[in-house]
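Data block below; observations after.
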Amino acid sequence: MKRTNRAVRLLIGSAAAAMALAGLAAPTASAATPQVTAGCSGLSCFGLDPVNAGCGADAYTVESVGSAKGTIELRYSPSCKANWARISGASAGQWFSVQDDKNWFQWWRTTGATGYGNMVDGTGAAMACIDGGVCTHWH
């Protein structure tokens, strides 16, 4: 009987070693791509802060336009389906805006050299402007 138990243990040990060599061992934890959790979508994002609503994590700059008054960016979040304007290199007090294709605006005034405004519906086209007519194209 002792031989049988020893043979079984040896067989189990050999099978475990073979599985490990073949890459069939128990799965290990791996780094996963973080999932973006948006707090709004499209029109429900209107007027909300993009960072507080969770829309900044996957956002990207659609277009950027520079001028003597600063650089204006049209930002877009795929998870939130929303746009907003971001400005840099501006003087404190510089007005900037974002507009969607439904004529909903968000106007903001910088308190420093950089800033961003709240969101508009991004399910259609949008553009961002610095006061004085410097704007991105409609996207």
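Values in this document were obtained by computation on a predicted structure and should not be read as measured data.
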Can you label the angle between the His137 ring and the His139 ring as parallel, tilted or perpendicular, going by 30° and 60°?
perpendicular
In Å and rounded to the nearest 0.5 Å, what is the SG to CG distance from Cys55 to Leu48?
7.5 Å
Spacing of Arg75 atom CZ and Trp84 atom CH2 [to the nearest 0.5 Å]
6.0 Å
Please walk me through it: do Val65 and Met127 pass side-chain contact (heavy atoms from CB on, under 4.5 Å)?
CA-CA 11 Å; Val65 178; Met127 74 172 176; over 6 Å; no
Hydrophobic clusters here meaning ILVMFWY residues chained together by side-chain heavy-atom distances under 4.5 Å, can you tell me if Tyr116 and Trp108 are in one?
no
Mind checking whether Trp104 and Val62 sit in one hydrophobic cluster, side chains of I, L, V, M, F, W, Y counted as touching below 4.5 Å?
yes
Does Glu63 offer a backbone N or O that forms a donor-acceptor pair with the side chain of Thr136 under 3.5 Å?
no
Between Thr71 and Ser64, the two heavy atoms sitting closest are CG2-OG, 3.2 Å
Taking Tyr60 as the starting point, is it possible to reach Ile87 by hopping between hydrophobic residues whose side chains are less than 4.5 Å apart?
no
Decide yes or no for Cys40 and Lys81: does some side-chain heavy atom of the first lie under 4.5 Å from some side-chain heavy atom of the second?
no
If we count only N and O atoms by modelled type, under 3.5 Å, do the side chains of Glu73 and Thr61 hold a donor and an acceptor together?
yes
Donor-acceptor pair, side chain of Arg109 and main chain of Trp95, under 3.5 angstrom
no
Distance in Å, Ile72 CD1 paired with Cys135 SG, rounded so as to fall on 0.5 Å steps
8.5 Å
Just verifying a value: how many Å separate Phe105 CZ and Ser97 OG, rounded to the nearest 0.5 Å?
6.0 Å
Expected output: side-chain Asp58 to main-chain Ser79 donor-acceptor under 3.5 Å
yes
Is Leu74 linked to Phe96 within one hydrophobic cluster, defined over Ile, Leu, Val, Met, Phe, Trp and Tyr using a side-chain heavy-atom separation of less than 4.5 Å?
no
Would you say Lys69's side chain and Asp131's backbone share a donor-acceptor pair under 3.5 angstrom?
yes
Between the side chain of Ser91 and the main-chain N/O of Gln94, is any donor-acceptor distance below 3.5 Å?
no
Please round to the nearest 0.5 Å and tell me the distance separating atom CG of Asp100 and atom CD of Gln106.
9.5 Å
Nearest-0.5 Å distance that lies between atom CG in Asp121 and atom CG in Asn83
8.5 Å
Mark yes or no for whether Ser67, through its side chain, and Gly70, through its backbone, hold a donor-acceptor pair below 3.5 Å.
yes
Same cluster for Met119 and Tyr76 if Ile/Leu/Val/Met/Phe/Trp/Tyr side chains link at under 4.5 Å?
no
Does the side chain of Cys80 reach to within under 4.5 Å of the side chain of Ser41, using non-hydrogen atoms?
no
